[in-house]
Amino acid sequence: MKMRFQLWLWLLVSLWAFTGVLGDHRERYREREGKGEEEWEEKGSKRGLFILDKWEKVVESEGGEVRVVRGFGSPRDHWSGFDATHKGLLHIGFISMDPKTLFVPQYLDAGLILFVRRGEARVGWINKDSLVERKLKMGDVVQIPAGFTFYIVNTGAGQRLQIICGIDASESLGLANPYEAFYLGGGTFPKSVLAGFDTKTLATALNVTFEEVDTFLGAHSRGPIVYVTDEPAGREKKHRDGGLGFLDSLAEQTIFPFKPLKNMLSWLLGIQDNNTVKTPDPYNLYDRDPGFRNNYGWSTALDEHDYKPLKYSDIGVYIVNLAAGSMMAPHVNPRATEYGIVLGGSGRIQVVYPNGTTAMDAKVSQGDVFWIPRYFPFCQLASLSGPFEFFGFTTSARRNYPQFLLGRSSILKTMLGPELAAGFGVTESSLRDLVDAQNEEVILPSWPEPERKREKEGEERERGVVRN
Ligand SMILES: *[C@@H]1O[C@H](CO)[C@@H](O)[C@H](O)[C@H]1NC(C)=O
Ligand SMILES: *[C@@H]1O[C@H](CO)[C@@H](O)[C@H](O)[C@H]1NC(C)=O
Ligand SMILES: *[C@@H]1O[C@H](CO)[C@@H](O)[C@H](O)[C@H]1NC(C)=O
């Protein structure tokens, strides 16, 4: 009898919950239907549809802060096609740390791709079972997997540390915050996850007294980013190589090839250089030769082939530097959504809708964040006042194969033929003349006096001297 009553109650409750869920879904669906094309507008800022300027301060502490701007596809967005999986969900974070500070050990429900914008850092994290430490300098890119504990120390003498990070939330818990931080280090503020266990459990697990547990967990109350009086000596070498690390430091100071010697010694002594094998060194975006360079700028794209850890987070990294007035030719990313952060200078971002109308033509300058949806044609133009540098992430670590629409290496050029000419409704020869006029590719020079040239051409046309 009692059993049957419970069954009924259970049925009733689940029915109620089910209709609740259903109702909620319908509501959301209706909202979605109703909005249709205005969705784009809803997300965009006043400055432009694809400018991200809704900042959230997720960490505020005595020694620094972390600000995050959410990427497109957050569960909060009605439009997002990512409701269930968060796949491709990427946020952009800005970590700013005073000199002599430590970002206390923690792990996140999101993978991080750190890029050192300014300053120097020492980052330590757990890679499988061992501690890996790396010294980072300006331009370094390093990946920290979700769920593994890490810390960051600002080692720059008297220098602020600025890190821009891609926060890969594709495996996040999907809670209200852009990401969830689980602090290992901590006490009362931030609260250590250890504090969630009862004192007896901790005392038993640690094999110490209750008092010792209380002292241990009550000590830290200064926030997630704290001043450290003396920078603790780096443990990099000791942990990295199990004893032969000194040869690395010798190698750094001299030109004698200690590395092969070390490898041989490792082999003889049976010491395996485990971390070095499993964890590639940080990849520096400035030290390498750019993937593309001409007189008007350069660009480098980093994918899983260049830096293996990117494969696990499935995020690519790129950096572009345009000379004053030049432009990245109109192109399309067939494989990824792109996020960009302006590092220096100013310029414009133009994005086009599928229906061939302008979706955005926005002015951007240092510190601005923008995004470009996959498949949308776009281009970046540097202002005439100076070089325009931007850096960012793509939501795929595979080779991106950007498709240039214009320029010497463009689709227009590759596909040139009767079909394309017919597609434009012009003769093949006139299309060829048009397409061949541009000798440069990818990054195109400025056209400083467009008005005058257009005027001149107009005159020529009147006088009948134009080609064809
Ligand atoms: C093109 O598409 C956008 C967004 O979908 C819409 O806002 C705009 O009105 C469309 N323009 C035309 C001319 O159809
Ligand atoms: C706990 O600590 C005591 C000494 O303080 C030691 O004798 C004992 O072996 C430890 N127990 C465990 C399980 O480590
Ligand atoms: C390296 O890894 C092997 C197993 O993969 C292990 O047996 C060995 O102890 C490790 N060596 C070091 C120095 O950590």
Side-chain angles (χ1 to χ4, degrees), residues 27-54 69-83 87-90 105 126 129-131 149 184-185 192-219 328-340 348-364 368-381 394-395 402-406 411-412 423-426:
E27 201 82 329
R28 284 171 73 188
Y29 185 66
R30 215 171 291 135
E31 265 176 54
R32 230 185 265 186
E33 247 182 348
K35 288 208 177 98
E37 298 198 320
E38 294 121 61
E39 313 293 1
W40 298 106
E41 274 82 34
E42 186 196 320
K43 175 75 191 179
S45 86
K46 286 193 183 68
R47 296 182 39 218
L49 215 45
F50 304 115
I51 301 289
L52 299 168
D53 60 0
K54 295 190 182 101
V69 53
R70 290 183 201 236
F72 192 74
S74 301
R76 278 203 323 198
D77 299 321
H78 297 294
W79 186 83
S80 84
F82 304 102
D83 271 354
K87 187 162 172 13
L89 180 54
L90 185 71
I126 303 290
D129 289 326
S130 47
L131 174 69
T149 305
L184 178 68
S192 167
V193 285
L194 292 178
F197 297 101
D198 70 24
T199 314
K200 193 170 166 212
T201 304
L202 291 175
T204 313
L206 288 164
N207 192 21
V208 296
T209 64
F210 285 21
E211 290 73 41
E212 280 170 307
V213 170
D214 285 343
T215 328
F216 169 57
L217 283 177
M328 192 85 178
H331 62 292
V332 174
N333 287 323
R335 288 187 164 177
T337 290
E338 176 172 320
Y339 289 86
R348 270 160 57 207
I349 314 289
Q350 293 183 348
V351 188
V352 175
Y353 274 132
N355 64 12
T357 58
T358 307
M360 180 176 93
D361 182 3
K363 282 202 179 112
V364 289
D368 281 337
V369 181
F370 58 90
W371 73 286
I372 314 289
R374 188 177 174 180
Y375 310 124
F376 276 48
F378 68 106
C379 71
Q380 298 99 338
L381 305 112
T394 52
T395 58
Q403 300 286 299
F404 285 89
L405 301 173
L406 305 177
I411 313 177
L412 222 57
F424 282 107
V426 296

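Sequential numbering from 1 along the given sequence is applied to the chain's residues. Indexing begins at 1, ligand by ligand and atom by atom, following the structure's order.
Within the 3.5 Å criterion, the main-chain N or O of G185 finds no donor-acceptor partner in the side chain of S192. Side-chain atoms of T201 never come within 3.5 Å of backbone atoms of F197 as a donor-acceptor pair (strictly under, hydrogens ignored). A donor-acceptor pair is defined here as one N or O able to donate and one able to accept, closer than 3.5 Å; no such pair exists between the side chain of R348 and the backbone of D361.
In terms of protein heavy atoms, atom 2 (O) of ligand 2 is closest to N207 ND2, 2.4 Å.
Where the criterion is an N or O separation shorter than 3.5 Å, residue side chain and backbone included, N355 meets it with respect to ligand 1.
Residues E212 and T215 bring no donor and acceptor atom of their side chains to less than 3.5 Å of each other.
Atom 14 (O) of ligand 2 lies below 4.0 Å from at least one non-hydrogen atom of the protein. Within the 4.0 angstrom cut-off, atom 9 (O) of ligand 2 has no protein heavy-atom neighbours. For atom 4 (C) of ligand 2, the protein comes within 4.0 Å by no heavy atom at all.
A perpendicular orientation is assigned to the rings of W371 and F50, their planes being inclined by more than 60° (bins at 30° and 60°).
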